[in-house]
Amino acid sequence: MTVLYPKKGVSELQRTTPEFVQEKYGLSPDQYADYAALRGDPSDNLPGVPGVGEKTAAKWLQEYGNLESLLANMEGIKGKVGESLRAHVDAVRLNRRLTQLVRDVDLDVDVHDLARREPNSSAVSELFDLLQFKTMKARVPGLVNVDTQGEQGHLSLDVTLSAETLSTWIANHAAEVFALCLELDDRQAPVAVAMAVDSSVWAKPFSEMDAGEIESFWKFYSDPKARKSAHDGKAFMRELAAEHGVMEGLESDIAAAAYVLSPGSGAQSLEQLVGLELGTTLSAGESQQQSLFGDVVDVVRLSQSAVAVNRLRSVLTEKMKSLHLMDLCTDIEVPVVSILAKMESVGIAVDKSALQTLEEYFSNIAADVEMQAQAAAGRPFNLGSPKQIGELLFTERGLPTAKRTKTGFSTDVETLTFLAATTDDPIPVLLLRHRDVTKLRQTVVGLLASIAADGRIHTRFQQFVAATGRLSSTDPNLQNIPVRTAEGQRIRETFIVGDEYETLLTADYSQIELRIMAHLSGDEALQQAFKSGEDIHTTVACGVFGVTPDAVDADMRRRVKAMAYGLAYGLSAFGLSQQLNIDPRDAQVLMDTYFARFGKVRDFLAETVTKARELGYTQTMAGRRRYLPDLNSDSRQRREMAERMALNAPIQGTAADIVKLAMIAVAKDLEPMHSRLLLQVHDELVVEVAPGELDAVTAIVRAGMEHAVELSVPMDVNIGIGRTWHEAAH
DNA sequence: AACGTCACG
DNA sequence: ACGTACGTGACGTTA
């Protein structure tokens, strides 16, 4: 057997030349073109789209002769290889279409730098710009924006570090906005700081700062008159709050600016924004300095980050101004950053031993139910596996199938409840119970794992991920703690008031989204229903069914309530009928009757979609946008999805605006007090009340929430007090 | 990594 | 004929 190429002597580059490959695998020049396509030929391939392996490509070509014949016989290739091959061929087809597209617009793009065996960054960048691949462009590292390309595609640190002492430097730039970047170590202790103003940069590891400089820095940090900007300031503020308080004087946050400009993009890192907006990259610094603790501090990179924050602030500010988004960023998002930093830093106290007891309780039930289910099945099976449940119920036991999922028959609550009700098989009930109880156990286990050394749970509020303007909560998610069942409420009981504090207080808006609809639509009938102060769903039911309030029974009220919720989601008669378990025709009648009574609501919803289609985006009361290009999609499914989003976004988003404004008002009024905000759950605030402050805090929270904005309907707020979150919710 | 499922508003 | 209510995050299973 011939050694095709020695390990030494033939370069990597030579090994992939057409001639070499043709000889190695005995391929004709025509076959080589197809081979290249399969492999991911540079001219036929985009970075990020893989090709098949060298040997695989050659093998299938040897077998089928050419790509066309391979494609024609693809069905015959089974198993993993087939799937993988199909995926790659799809990619190849896509690439060929893209290549053709590029030729059509007469853009000479060579996306692969053959000589350097890497993507041709500027060409790919140009291509992505052309195709408006903004997200993908941000994802691919190192792409250079041709419009603003620097000499080497790196952010040049053309301002040398200031040698002045910190206090002198700060004093010399007192009126300017300081871009601040702080690096923390694994234990969240500050390691280095870099600050940039227009003309100058100051940066140092803390280990090299003398006592005076360190003192100057923290004084500056807490000085509200020292104007600052940062990227995701909350990231360091939450960690430093316990020791240094929340940073004062934050005037601009790049992450917030990027979010209001494009809320659909999720949280964008500084690196992504540098690539996207400045068309360059942060360099991995060459001069790395060793701190006292042995941590490697990249002061150059940190300094570049500060310079980048500074530049991004001007770029994004211009964009925000032209789109009238400046107020949203400055008056809502930036103040919320500091409030959340403090809330995260404070955390909420939990009763650890009560959680441990609950864990054991739920575990025992789960184990017991599992045994019963396996006994009933006559064999062991994994109760957590939808696949195994499907086999057991539908194949082995012959139960009727209903809903399908992508991968098989659905075994969700709806299905299992149906099976429990219509068959005498004992297993569906056991599975439902097992699902319930394991879900609760997992929640409890997650909470236990999140308890910090101070006995409290410090969730992270994500301010820049939700497309509608809402917050979200992670690590752990405290916005989805069970509340609807008695067992779930036992978990809420483990969230308790902290030592030295008097009570927890919860305050939530009632029907905020429906009130927003009443306001935005200008529907007098719905507004009147809210102004009457009576139970809203009962009042609306009166109008819809044309009866007196005492004639409204529970079922009528339930239907109207479901209808009201559905409205804000872009409901269909079908969806409503599913929700209410009634005939779709009856649901349609219900909708028609509703809209006959509240016509402006329907007009408002229709106009919202029409306007969004014209503009390309929706807007909330505070001007928050949500871009929905799919409103003009050819695909009906995508278009209708976008229409429902367009309908929902202004409502959900306005509610988010209002709650953020309320948080700002409440936080401001709580400043002189010891009580503090702990949590936000979309339309609810949780406050920890210090001894003696209950009456004042109640008034502050009520006023802050009720008057966050003035609508044409009252903003009713329910307030509850209690030792635990559960108690306080009543 | 994708999917199914389920918790919250 | 088709799919069918918005927005999130977390977990276990499976490919």
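Computation of the quantities below employed the complete heavy-atom set of this structure, encompassing side-chain atoms and omitting hydrogens, waters and symmetry-equivalent molecules.
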Cation-pi, A/Y617 ring and A/R624 (6.0 angstrom, 45 degrees): no
What's the closest nucleotide to the side chain of A/S572 if the choices are C/dT8, C/dT4, C/dG3? C/dT4
Bracket string, DNA chain C, 5' to 3' - pairs by Watson-Crick or G-U geometry under 3.5 Å, | interstrand: .....|||||||||.
Taking the side chain of A/T474 as its heavy atoms from C-beta onward, which of C/dG9, C/dG7, C/dA5 lies nearest to it? C/dG9
What nucleotide among C/dG9, C/dA10, C/dA1 has an atom nearest to a side-chain atom of A/D475? C/dA10
Looking across every strand, which nucleic acid part, if any, lies under 4.0 Å from A/R435 by heavy atom: base, sugar-phosphate, or nothing? sugar-phosphate
Taking for each residue the nucleotide of DNA chain C with the nearest heavy atom, is it A/R441 or A/N648 whose nucleotide lies nearer the 5' end? A/N648
Salt-bridge test for A/E607 and A/K611: reply yes if a basic N is under 4.0 Å from a carboxylate O, no otherwise. no
Pick base, sugar-phosphate or nothing for A/K406, based on heavy-atom distances below 4.0 Å to the nucleic acid. sugar-phosphate
Looking at A/D232 and A/K234, does any basic side-chain N land under 4.0 Å from a carboxylate oxygen? no
Tell me what A/D508 touches on the nucleic acid: a base, only sugar-phosphate, or nothing, going by heavy atoms under 4.0 Å. nothing
Determine whether any donor atom in the side chain of A/Q652 lies under 3.5 Å from an acceptor atom in the base of C/dC6, or the reverse, and answer yes or no. yes
Tell me which donor-acceptor pairs under 3.5 Å the side chains of residues 555-564 of chain A have, and how far apart each pair is, sequence neighbours excluded?
unit_1 : atom_1 : unit_2 : atom_2 : d
A/D555 : OD1    : A/R558 : NE     : 3.2
A/D555 : OD1    : A/R558 : NH2    : 3.1
A/D555 : OD2    : A/R559 : NE     : 3.2
A/R557 : NE     : A/D535 : OD2    : 2.9
A/R557 : NH2    : A/D535 : OD1    : 2.8
A/R557 : NH2    : A/D535 : OD2    : 3.4

What nucleic acid atoms does A/R638 come within less than 4.0 Å of, heavy atoms only: base, sugar-phosphate, or nothing? nothing
What are the two closest non-hydrogen atoms of A/S521 and A/K600, and how far apart are they? CB-O, 3.6 Å
Is there a donor on the side chain of A/Q578 or the base of C/dA5 sitting less than 3.5 Å from an acceptor on the other? no
Give me the first and last nucleotide of DNA chain B, going 5' to 3', that has any atom under 4.0 Å from a heavy atom of chain A. B/dC3 to B/dG9
Is it true that, when you exclude A/Y565 itself, more than 12 heavy atoms of the residues, nucleotides or ligands shown sit nearer than 6.0 Å to its OH? no
Salt bridge or not between A/E643 and A/R613? Use side-chain N to carboxylate O under 4.0 Å. yes
